[in-house]
Q: 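There's a structure below that I have some questions on.
Letters A, B, ... mirror the listed sequences (proteins, then strands); counts begin at 1.
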2 protein chains.
Amino acid sequence: MMKIGELARRSGLTAYTIRYYEQIGLLPVADKDASGQRDYDASILTWIEFLGRLKSTGMPIREMLRYARLRQQGEASEAERRLLLERHRDKVLANVADLQANLLVLDAKISGYADAEQRIETNGQQQRKPLRARHARTL
Amino acid sequence: MMKIGELARRSGLTAYTIRYYEQIGLLPVADKDASGQRDYDASILTWIEFLGRLKSTGMPIREMLRYARLRQQGEASEAERRLLLERHRDKVLANVADLQANLLVLDAKISGYADAEQRIETNGQQQRKPLRARHARTL
DNA sequence: CTAGGTGTTCGAGCGCACTCTAAGTCAAGG
DNA sequence: CCTTGACTTAGAGTGCGCTCGAACACCTAG
């Protein structure tokens, strides 16, 4: 129904990447048409999109692979899949918290530069020593 | 005052990484003692910590390098450094938003698995068709 | 019927950020 | 004096996730 080029366009992956994902087992081995070309059903897009979410939340390919293999084993693996996703979610939550903490520091530093500009704009002659000193220490 | 081993312990980087960072210009060329060994002042820790924040918020080394070089050029580069940090902060903010959106989807999926377990626990015989169907589609 | 476009396989190559090996120097303790 | 351990350099190797090249097959439009 859909060859690799169209799937590439629709999924945002390159054809190279799609073949690579099939090769390592992230995507199921595709059906081939009479002349040996991969032929995809639109439903694969849902799976690719989900893989994209795992990837963009920082899951390494090895772990996506674990998930993909569990999925192929059918319903019996649901509990394990759930566990895998829960653990991943917790890592992502921790990561977000970390990013937010670092953002605070970043903003503080940016404010420091903003203050420095203020001093230059409002004052061509004497520099206010205490602020300068604070800035130098922050650097 | 502090040799590379101690700096490694205190900064969390390995000695390998410290030399590598010096080599590429992320860390200033260290002073050497009489026998040619690197000798660090504790103040380097502040800089390394800041580099760590940039790194853990996803800044590539190339860009940290730009920042490091600007810093070495002194006060004149403050406006540009500020701009660099502001742009980076905006990327991090966007990234956090993205992660949070993906977390919502992840949680929804986890809930789906939890529902499936519920159905199994509370019901050995008949499976509620509509829920199953929804789950299958979600997969 | 032929040119262009899209597909195929296999294996090599790349960019990033380290990480380690080898061979050697040096200072301090037993 | 000699060993131990931390250091030095240059350069090779690693792991991840693609990305591409070469050589060839196939379908479609002009």
Q: Reading DNA chain D from 5' onward, which residue's closest nucleotide shows up sooner: B:R19 or A:M59?
A: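 Whichever sits nearer the 5' end wins; that is B:R19.
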
Q: Nearest-Å distance, CD1 (B:I4) to P (C:dT19)?
A: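 Distance check: B:I4 CD1 to C:dT19 P gives 14 Å.
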
Q: Can you confirm whether or not the ring centre of A:Y21 sits under 6.0 Å from the ring centre of A:Y16?
A: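 Centroid distance A:Y21-A:Y16: not below 6.0 Å, so no.
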
Q: Is there a side-chain contact between A:E22 and A:R19 in this structure, where contact means two heavy atoms from C-beta onward sitting under 4.5 Å apart?
A: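 A:E22 vs A:R19: side chains apart.
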
Q: Hey, which sits more toward the 5' end of DNA chain C by its nearest nucleotide, B:K55 or B:A34?
A: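 Between the two, 5'-proximity favours B:K55.
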
Q: Tell me which nucleotide among C:dT9, C:dG7, C:dC16 gets nearest to the side chain of A:K32.
A: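 The closest nucleotide is C:dT9.
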
Q: Go through C:dG7, C:dA27, D:dG17 for me and flag the one nearest to the A:Y20 side chain.
A: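 The nucleotide sitting nearest to the side chain is D:dG17.
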
Q: Determine, for A:R82 against A:E86, whether the closest basic-nitrogen to carboxylate-oxygen distance falls under 4.0 angstrom.
A: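 Yes, A:R82 and A:E86 are salt-bridged.
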
Q: By nearest heavy atom, map B:R9 and A:M64 onto DNA chain D; which one lands nearer the 5' end?
A: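 Looking at DNA chain D, the more 5' nearest nucleotide goes with B:R9.
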
Q: Return the value, rounded to whole Å, for the distance between atom CD of B:E22 and atom C1' of D:dA10.
A: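 In whole Å, D:dA10 C1' and B:E22 CD are 14 Å from each other.
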
Q: Indicate, with a heavy-atom threshold strictly under 4.0 Å, whether A:R38 touches base, sugar-phosphate, or nothing.
A: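 The answer is sugar-phosphate, as A:R38 gets under 4.0 Å only of primed atoms, P, OP1 or OP2.
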
Q: Among the candidates C:dT19, C:dT9, D:dC7, find the nucleotide nearest to the side-chain atoms of B:T17.
A: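 Within the option list, the nearest is C:dT19.
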
Q: Consider only side-chain N and O atoms of B:S43 and B:T46, and report whether a donor and an acceptor are under 3.5 Å apart.
A: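 No pair is found: no donor N or O on one side chain lies under 3.5 Å from an acceptor on the other.
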
Q: Which nucleotide in the list D:dC7, C:dT19, C:dT8 gets nearest to the side chain of B:K3?
A: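 From the listed options, D:dC7 comes nearest.
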
